[in-house]
Colleague: 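Handing you this structure, nothing more for now.
Small disclaimer: the values here were computed from a predicted structure and weren't measured.
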Amino acid sequence: MAHLCMRSAWDIVTGIGVDTHVHRISNWLLWVPRETKTPEETRVALEKWLPFELWEEVNQLLVGFGQTTCTATYPRCNECSNADICPAKGKHGIRKTPVKKEIKKEELDF
């Protein structure tokens, strides 16, 4: 969080902000040399691997991607542009169809 705060408040990049999404996706994509157990281990590994110029944007890109497409439970691999090259494809439950529930008029309380 401190790295995100420094970037947002003072426009200073001090490190990569690693939350659960960045941690999970970095491991799934094999961006770390071995599976990391904690977000802090992931941060250290990513900072060694990624060029400094990418530190600022990697959190924002992976968090949004992890919230919408590459979710922890039932990732939407069928909607992902990177599915063909993803090492994690098929290793986790995949949501094959969107979750939709039909609501009947009589079920609505007005």
Side-chain angles (χ1 to χ4, degrees):
M1 291 304 296
H3 296 303
L4 297 176
C5 182
M6 291 293 291
R7 171 64 181 97
S8 296
W10 293 283
D11 200 24
I12 299 171
V13 177
T14 57
I16 298 172
V18 177
D19 68 347
T20 186
H21 304 290
V22 177
H23 173 64
R24 179 183 71 251
I25 294 170
S26 295
N27 277 281
W28 284 7
L29 293 177
L30 306 177
W31 284 8
V32 290
R34 59 177 174 69
E35 184 177 350
T36 55
K37 303 290 184 203
T38 66
E40 182 61 17
E41 286 181 37
T42 301
R43 181 192 64 79
V44 171
L46 286 176
E47 287 178 358
K48 287 180 182 176
W49 178 65
L50 281 174
F52 178 77
E53 298 79 38
L54 299 176
W55 288 13
E56 181 177 348
E57 61 188 307
V58 72
N59 176 276
Q60 185 176 357
L61 291 172
L62 291 184
V63 169
F65 182 61
Q67 290 173 336
T68 59
T69 304
C70 196
T71 57
T73 55
Y74 301 110
R76 293 173 172 89
C77 297
N78 57 328
E79 298 173 19
C80 181
S81 301
N82 300 309
D84 293 340
I85 60 169
C86 181
K89 182 182 177 189
K91 294 184 180 178
H92 310 280
I94 298 173
R95 180 175 289 156
K96 293 180 174 55
T97 57
V99 176
K100 292 183 181 177
K101 179 184 175 190
E102 185 177 328
I103 301 174
K104 298 176 184 169
K105 266 174 130 175
E106 55 272 6
E107 293 176 1
L108 296 174
D109 294 325
F110 286 101

Colleague: Please check if the side chain of Arg24 supplies one atom and the backbone of Asp19 the other of a donor-acceptor pair under 3.5 Å.
Modeller: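 Not at all, since once roles are kept as given, no pair shorter than 3.5 Å links the two residues.
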Colleague: Exactly one of His23, Glu35, Glu47 should register a side-chain hydrogen bond (donor to acceptor under 3.5 Å, both in side chains) with Thr42. Which one does?
Modeller: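 The single option meeting the side-chain hydrogen bond (donor to acceptor under 3.5 Å, both in side chains) with Thr42 is His23.
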Colleague: Report the C-alpha distance between His3 and Trp55 in whole Å, list the side-chain angles of each, state the deciding distance to 0.1 Å, and finish with yes or no for ring-ring contact (aromatic ring centres under 6.0 Å, His included).
Modeller: CA-CA 10 Å; His3 296 303; Trp55 288 13; 8.1 Å; no
Colleague: So Trp49 and Trp31, would you call those rings parallel, tilted or perpendicular, with 30° and 60° as cut-offs?
Modeller: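 Tilted: the ring planes of Trp49 and Trp31 meet at 30° to 60°.
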Colleague: Side-chain contact, heavy-atom cut-off 4.5 Å: Met6 with Val13?
Modeller: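 No, their side chains stay 4.5 Å or more apart.
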Colleague: For Lys89 and Ala83, work out which heavy atoms get closest and say how close.
Modeller: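 Looks like CD-O, 3.3 Å.
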Colleague: Are Phe52 and Val58 joined in one hydrophobic group, where the rule is that I, L, V, M, F, W and Y side chains link up if heavy atoms are under 4.5 Å apart?
Modeller: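 Yes, Phe52 and Val58 fall within the same hydrophobic cluster.
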Colleague: Examine Phe65 and Val22 and state if one hydrophobic cluster contains both, with Ile, Leu, Val, Met, Phe, Trp and Tyr joined whenever side-chain heavy atoms are less than 4.5 Å apart.
Modeller: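 Yes, Phe65 connects to Val22 through the hydrophobic network.
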Colleague: Cluster question for you: counting only ILVMFWY and a side-chain heavy-atom cut-off of under 4.5 Å, with indirect links fine, are Val18 and Val44 together?
Modeller: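 Different hydrophobic clusters.
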Colleague: Between Asn59 and Ile16 (side chain of the first, backbone of the second, donor and acceptor by atom type, cut-off under 3.5 Å), is there such a pair?
Modeller: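 Not at all, since once roles are kept as given, no pair shorter than 3.5 Å links the two residues.
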Colleague: Take atom CD in Gln67; do more than 12 heavy atoms of anything else shown fall under 6.0 Å from it?
Modeller: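 Correct, the count exceeds 12.
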Colleague: Could you state the interatomic distance from CD (Glu56) to OG1 (Thr14), rounded to the nearest 0.5 Å?
Modeller: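 So the gap between those two atoms works out to 11.0 Å.
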Colleague: Are any of the side-chain heavy atoms of Arg34 and Glu41 separated by less than 4.5 Å?
Modeller: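 Heavy-atom side-chain distance check passes, below 4.5 Å.
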Colleague: Answer whether the closest heavy-atom distance between the side chains of Trp28 and Pro87 falls below 4.5 Å.
Modeller: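 Counting from C-beta outward, Trp28 and Pro87 never come under 4.5 Å.
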Colleague: Less than 4.5 Å apart, side chain to side chain, heavy atoms only: is that true for Ser26 and Thr36?
Modeller: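 Ser26 vs Thr36: side chains apart.
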Colleague: Is it the case that one hydrophobic cluster holds both Leu50 and Leu30, taking links as side-chain heavy atoms less than 4.5 Å apart, direct or via other members?
Modeller: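 No: no chain of side-chain contacts under 4.5 Å links Leu50 to Leu30.
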Colleague: Does Leu4 belong to the same Ile/Leu/Val/Met/Phe/Trp/Tyr cluster as Ile12, with side-chain heavy atoms less than 4.5 Å apart forming each link?
Modeller: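 Leu4 does not cluster with Ile12.
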Colleague: Examine distances only and state if a side-chain atom of Arg76 and a backbone atom of Thr68 form a donor-acceptor pair shorter than 3.5 Å.
Modeller: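 Yes, Arg76 side chain to Thr68 backbone: donor-acceptor pair under 3.5 Å.
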Colleague: Just by modelled atom types, is the Val32 backbone N or O under 3.5 Å from a matching donor or acceptor in the Asn27 side chain?
Modeller: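 No, Asn27 side chain to Val32 backbone: no donor-acceptor pair under 3.5 Å.
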Colleague: Is any side-chain heavy atom of Cys86 closer than 4.5 Å to one of Leu29?
Modeller: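 Yes; the side chains approach each other to less than 4.5 Å.
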Colleague: Is Pro75 close to Thr69 at the side-chain level, that is, under 4.5 Å between some pair of heavy atoms?
Modeller: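 Answer no - side chains too far apart.
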